[in-house]
Amino acid sequence: MTGDHQALALTLFSVFVAVTLGITTWVSRNRQGSAEEFYAGGRLFSPMENGFAIAGDYMSAASFLGISGLIALFGYDGLLYSVGFLVAWLVVLFLVAELVRNCGQFTLADVVAARMRERPVRIAAGTSSVTVSVLYLVAQMVGAGSLVALLLGNTGEEARSWAVIGVGALMVVYVSLGGMRATTWIQIVKAVLLLGGTVTLTVLVLVRFHGDFDQLLRTAAERSGHGDAFLAPGLKYGGDWTARFDFMSLGLALALGTAGLPHILSRFYTVPTAQAARRSVVWSIGLIGGFYLMTIVLGFGAAAIVGPEAVRGSNASGNTAVPLLALDLGGGPDSTGGTVLFAVVAAVAFATILAVVAGITLASSASVAHDLYASLRRRRSRPRSEVAVARVAAVGVGVVAIALGLLARDLNVAFLVGLAFAVAASANLPVLLYSLFWRGFTTRGAVCAVYGGLIPALALVVLSPVVSGSPGSLFPAMDFQYFPLENPGLVSIPLGFLAGWLGTVTSAEVADEAKHAEAEVRSLTGAGAA
């Protein structure tokens with residue numbers, strides 16, 4: 001882009017940052033001292049507001065940038081992410097949304113601790129929640145680096161590194177000052193902007209092909225260089241049995257992982273009743289479903305209009321496919337229309353990243369303060385001191401996420417989120433489902449379920465091609481690859497459920513029938529819920 005057009009792009013891009021900082025400053029004037037206000041926004045949001053906020057939390061950089069990029073590069077195989085993310089909401093709606101809202105207070109550990117010994121359960125669940133949150137944050141950081149560097153006209157490593165650091169600093173400000181109330185309103189604004197931008201691009205792509213989706217697919221296949229193979233399974237995951245197992249592992253992680261994501265579960269606590277939580281999910285399903293259908297059009301549109309080679313030339317993992325598509329649809333790099341549309345899409349994508357990292361950081365800092373800090377102290381901490389610890393924890397989580405984001409900046413953001421989903425499905429989902437539905441579940445079983453899924457998932461990622469042994473790994477010069485799959489879910493998810501079962505059946509502890517009955521009544525009726 002020319003200097004004038006780049007200045008226009010940066011101006012438009014800066015507007016959202018100013019607006020969100022304004023929201024945060026305005027909200028921070030209200031009292032944020034109580035735990036309920038900081039963690040749950042006072043539980044004052046309506047189902048529609050919370051539904052938009054959930055959609056904003058869920059439609060991350062992995063969705064907008066990563067999935068479209070994967071479809072542009074790999075065609076049919078990239079669709080797995082769109083399908084997996086969407087199907088996962090059925091698990092949330094039917095199994096956990098209402099029950100979690102009734103049983104918990106602020107975090108995942110609240111649900112499990114309702115009928116177990118609190119200290120070991122909170123330490124285990126808090127550790128797992130922070131780990132999942134940090135992995136999810138890394139994906140958003142990588143997306144931010146690719147996006148801002150492209151906007152600045154410099155896709156080098158230094159530009160992406162500074163972008164990652166800048167996003168990390170902003171997310172710490174949002175969370176430490178505004179808490180859940182500011183984060184929720186940022187999510188709502190972001191969801192409206194993202195859906196508006198996605199609808200606009202989808203319409204422009206379909207207009208370019210006169211509404212003929214078949215022609216769009218044929219053109220994408222021709223420009224891909226793979227022909228009809230671009231529209232058939234196997235381009236990324238079907239080469240051999242290892243790739244096919246990787247495909248199944250990823251699908252399992254995506255379908256089950258959402259129900260174990262801490263920042264999604266915490267959103268159910270921001271509404272006044274369990275019925276409102278379920279209605280929130282219904283709202284979010286409609287918004288999320290429409291969005292993921294449109295990412296299919298954007299992905300194939302980027303392949304047909306921009307071309308996979310141009311996408312790969314800008315970013316090897318495809319993270320910049322949608323901004324490049326917007327630039328082309330608007331008239332090209334040197335046109336005012338192209339620059340404006342590119343800047344708007346870049347601002348929307350950046351809004352997506354900022355909103356999601358704020359939600360994740362809040363959830364992880366809540367786990368640190370409400371679960372880990374409160375459990376490791378000899379006496380239960382006061383709510384106000386918990387909030388102070390949560391604000392400090394937000395800074396610590398931000399620093400860790402920035403460091404890992406700098407390390408993983410060359411990986412696809414959707415792929416990184418897939419790893420976070422695998423860890424969430426391995427460590428958090430087993431203990432959550434067992435706690436809600438198994439009468440005989442014990443404290444030892446809960447701790448074993450968390451660590452029995454968390455440790456294998458992380459270990460298998462370290463020993464996989466993601467970290468070493470291949471040109472695209474984090475450490476390509478090293479080779480300690482012993483696990484052939486890139487996604488550990490196929491092995492680690494069953495291990496999490498197995499460990500929870502073994503821990504329970506080998507425990508000398510007898511499950512507390514009275515506590516289970518109380519938790520069951522509360523989960524089903526909402527009686528006594530916070």
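For the single chain, residues carry numbers from 1 onward in sequence order. As the structure is a computational prediction, the values presented were derived from the model and not from experiment.
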Any side-chain heavy-atom pair from [X] and [Y] closer than 4.5 angstrom?
X	Y	result
M116	V447	no
N428	S129	yes
W185	F45	yes
L454	S426	no

Is the count of non-hydrogen atoms from other residues, nucleotides or ligands lying under 6.0 Å from [X] atom [atom1] greater than 12?
X	atom1	value
W501	CH2	no
M248	CE	yes
Y76	OH	no

Is a donor on one side and an acceptor on the other found under 3.5 Å between the side chain of [X] and the backbone of [Y]?
X	Y	value
D246	E486	yes
R444	T506	yes
S249	F245	no
T443	R117	yes
K190	A53	no
S128	A124	no
S468	F480	yes
Y136	F421	no

Could you walk me through whether S364 and S133 pass the side chain to side chain donor-acceptor pair (under 3.5 Å) test, one step at a time? CA-CA 6 Å; S364 57; S133 297; 4.6 Å; no

Please confirm whether Y58 and F291 have ring centers closer than 6.0 angstrom. no

Specify the closest pair of heavy atoms between [X] and [Y], including all atoms of both residues, with the distance to one decimal.
X	Y	result
P465	P484	CG-O, 3.6 Å
L485	S464	O-CB, 3.2 Å
S492	A422	OG-O, 4.4 Å
L419	P488	CD2-CD, 4.1 Å
F497	Y434	O-OH, 2.8 Å

Among V87, L293, L254, I71, which residue meets the side-chain contact (heavy atoms from CB on, under 4.5 Å) test with S82?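 Checked V87, L293, L254, I71 against S82; only one passes side-chain contact (heavy atoms from CB on, under 4.5 Å): I71.
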
Can you spot which of I360, V400, T361 makes a side-chain contact (heavy atoms from CB on, under 4.5 Å) with V134?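 Testing each of I360, V400, T361 against V134, the sole residue satisfying side-chain contact (heavy atoms from CB on, under 4.5 Å) is V400.
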
For S68 and T295, which I'm curious about, is there any donor-acceptor pair between the side chains at under 3.5 Å? no

Stepwise side chain to side chain contact (heavy atoms under 4.5 Å, CB included) test for I188 and E49: CA-CA 7 Å; I188 293 171; E49 291 170 343; 4.0 Å; yes

